[in-house]
Amino acid sequence: MEETERKEKFLTDSNIEIKRVYYPSPSPLGRVGEGYEQPGEYPYTRGVQSTMYRSKLWTMRQYAGFSTAEESNKRYHYLLNNGTTGLSVAFDLPTQIGYDSSHDFADGEVGKAGVAIDSLRDIEILFDGIKLENITTSMTINSTASILLSMYIALAKKQGADLKKISGTIQNDILKEYAARGTYIYPPQPSMRIITDIFEYCSKEVPKWNTISISGYHIREAGSTAVQELAFTLANGKAYLKAAIDKGLDINVFAKRLSFFFNAHNNLFEEVAKFRAARRMWAQITKDLGATDPKAQMLRFHTQTGGSTLTAQQPQNNIPRVTIQAMSAVLGGTQSLHTNGFDEAIALPTEEAARIALRTQQIIAFESGIAETVDPLAGSYFVESLTNEVEAAAWEYINKIDALGGSVAAIEQGYLQNEIAASSYKYQNDIQTGEKIIVGVNKFTSEEKPLEDVFTIDDSIRQLQINKINQVKLERDNEKVKAILKTLDANARANINLMPTILEAAESYATLGEIADTMRNVFGEYKN
């Protein structure tokens, strides 16, 4: 079904009408468009919707989360008031690896890389004044994704929300943590089991929730090339599909709720080619594994501009960098986009930097004309050839990974890690030799004053979080919590779906660390 477009007509500033989609002329069948690949149809190279942004713009997100839930809540309201259309939550390192703020390992890290979440109480504060039915929320969380999702569902229930209507995404991609990022807890096999438990539970209870965002972003941040980012991400996606199929899940049901998370760097045309190739490749992968429903074959993705491309030197240069990267994502057909603040190579973004980053998206959406036709770079000799070449190079990697036994085996053998490390080394060496020019870093340098307005986090917030934990433990039914955690332990050993028990623990105000530790006691910890 074709969606209603935002305007009756789209026109250039010179009053020339812009068509929904363009084709080479004349068509091989003699009629406009016939005989050519259509947007919204297999294999989706030209986009997953027939009308794309002419009907609905991408979701404009700003990644935000720092300090306490109270402080992050203020930033969320600020972003919503400035026109952001979806929330994207960053969690601090202790939250990501399953430690309460009171744990010794959390010292010095509480609230630094994101918001500290210790219990449902923090989630209640984080979304205070925000109706979960009315907003989509993306959570960059992996090893503790089941716990954070359960807390989110618990809050939705408290708000009286219809769980069939709440929507959003948990990253929940543990394979790239082993390969590139490092915030894992459990070994690969039990981690995959938890992920498929989430697939199974959400397909029945929270059907609009995207249960995984298979992430190439962090693979790229670790130093991979665009081709490696594409190949390793789709190979991981293939591993998740197979794990869910092995669990007995229907690919035509669960694959509809899988999404992807890609990076956007400065080489505009290569990035566009990567996004176009990704859709085509995923359509083939899902079809080969038995998907027949078109929505189960579609690759939908969120994009974030490249954090590793930001420079502390001449930080204002990051504004045009982010603009180029955001344009590549939109030209490539992203469903959701986060633009980095120009000061993020130095510190967490200030409100001013976050506003400029959001305005960058809004200018692209409403002033550039890019959003007014589907797949505007289609037919470019360069882009079409590059799409084919990127795809061919990515298939070579995927075939190698398949020969090693798939992503899990390839990660256990160190293949992905070694390939990323080699690419990262080459990139850094090219910068040092001047083969690769980074403006303001190894060429066009200048004396400059450091930024005066820098956002910092006070170490004293750890004590605030500890006080909240202590208060929660005073007010909750501790015997009930103990009993639920005992059940969680038993269910983990018995291979029963863990999500209902984790949700029950969250609703009873068990802390994130207590829930994660219960599963640690069963599954152990992964040592790389």
Please answer whether the main-chain N or O of [Y] pairs with a side-chain N or O of [X] as donor and acceptor at a distance below 3.5 Å.
X	Y	value
Gln361	Leu337	yes
Arg61	Leu87	yes
Glu372	Gly369	no
Gln297	Ala291	yes
Asp173	Ser215	yes
Asn442	Lys436	yes
Asp100	Gly513	yes
Thr360	Thr323	no
Tyr240	Leu175	yes
Gln465	Asp118	no

Looking only at non-hydrogen atoms, find the nearest pair between [X] and [Y] and report the distance.
X	Y	result
Asn82	Tyr78	ND2-O, 2.9 Å
Asn172	Thr211	ND2-O, 2.9 Å
Trp58	Thr334	CB-O, 3.8 Å
Phe275	Asn263	CZ-O, 3.6 Å
Ala231	Ala394	CB-O, 3.5 Å
Gly306	His265	CA-CD2, 4.0 Å

For residues [X] and [Y], determine if any side-chain heavy atom of one lies less than 4.5 Å from a side-chain heavy atom of the other.
X	Y	value
Leu512	Leu148	yes
Thr286	Leu258	no
Gln171	Ile141	no
Ile438	Arg321	yes
Gln335	Ser259	no
Lys238	Leu289	yes
Ile170	Met139	yes
Asn73	Phe127	no

Working for side-chain hydrogen bond (donor to acceptor under 3.5 Å, both in side chains), residues Glu229 and Ser224: CA-CA 6 Å; Glu229 176 194 1; Ser224 79; 5.4 Å; no
Kindly compute the distance separating [atom1] ([X]) from [atom2] ([Y]), expressed to the nearest 0.5 Å.
X	Y	atom1	atom2	result
Arg280	Ile285	CZ	CD1	13.0 Å
Arg257	Lys295	CZ	NZ	8.5 Å
Met151	Ser146	CE	OG	10.0 Å
Asn210	Arg300	CG	CZ	5.0 Å
Ile18	Thr12	CD1	OG1	6.0 Å
Ile398	Leu234	CD1	CG	5.0 Å

Leu299 and Phe262: CA distance, side-chain angles, deciding distance, side chain to side chain contact (heavy atoms under 4.5 Å, CB included) verdict: CA-CA 11 Å; Leu299 182 145; Phe262 286 116; 4.0 Å; yes
Glu177/Ser143 under side-chain hydrogen bond (donor to acceptor under 3.5 Å, both in side chains): CA gap, chis, key distance, verdict: CA-CA 9 Å; Glu177 295 297 326; Ser143 58; over 6 Å; no
With Asp375, the salt bridge (Lys or Arg N to Asp or Glu O under 4.0 Å) member among Arg279, Arg276, Arg20: Arg276
Tyr76 vs Leu126, side chain to side chain contact (heavy atoms under 4.5 Å, CB included): CA-CA, chis, key distance, verdict: CA-CA 9 Å; Tyr76 293 159; Leu126 187 65; 3.5 Å; yes
side-chain hydrogen bond (donor to acceptor under 3.5 Å, both in side chains) between Thr309 and Gln325, worked out: CA-CA 10 Å; Thr309 69; Gln325 294 163 11; 2.9 Å; yes
Working for side-chain hydrogen bond (donor to acceptor under 3.5 Å, both in side chains), residues Ser446 and Gln314: CA-CA 8 Å; Ser446 62; Gln314 302 179 24; 3.3 Å; yes
Relative to the ring of [Y], is the ring of [X] parallel (under 30°), tilted (30 to 60°) or perpendicular (over 60°)?
X	Y	answer
Tyr44	Tyr42	perpendicular
Phe199	Phe254	parallel
His218	Phe261	perpendicular

Does a donor on one side chain and an acceptor on the other come within less than 3.5 Å for [X] and [Y]?
X	Y	value
Thr350	Glu352	no
Asn142	Gln96	no
Ser423	Gln228	yes

Positive for side chain to side chain donor-acceptor pair (under 3.5 Å) with Ser191, one of Tyr178, Tyr184, Tyr526: Tyr178
Whether over 12 other heavy atoms sit under 6.0 Å from Glu435 CD: no
Arg520 to Tyr99 six-membered ring, cation-pi geometry met (6.0 Å, 45°): yes
Residues Lys400 and Glu419 bridged, charged N to O under 4.0 Å: no
Short N-O contact, Glu41 and Arg46, less than 4.0 angstrom: no
Criterion side chain to side chain contact (heavy atoms under 4.5 Å, CB included) on Thr311 and Asn318, from CA distance to verdict: CA-CA 7 Å; Thr311 62; Asn318 295 324; 3.6 Å; yes
Pairs where residues 354-396 contributes a residue and the test ring pair (Phe, Tyr, Trp, His ring centres under 6.0 Å) is met, not counting sequence neighbours: Phe269-Phe382
CA sep, side-chain torsions, deciding dist, call: Thr303, Glu271, side chain to side chain contact (heavy atoms under 4.5 Å, CB included): CA-CA 11 Å; Thr303 311; Glu271 295 303 299; over 6 Å; no
Aromatic ring proximity, centroids under 6.0 angstrom, Tyr152 and Trp209: yes
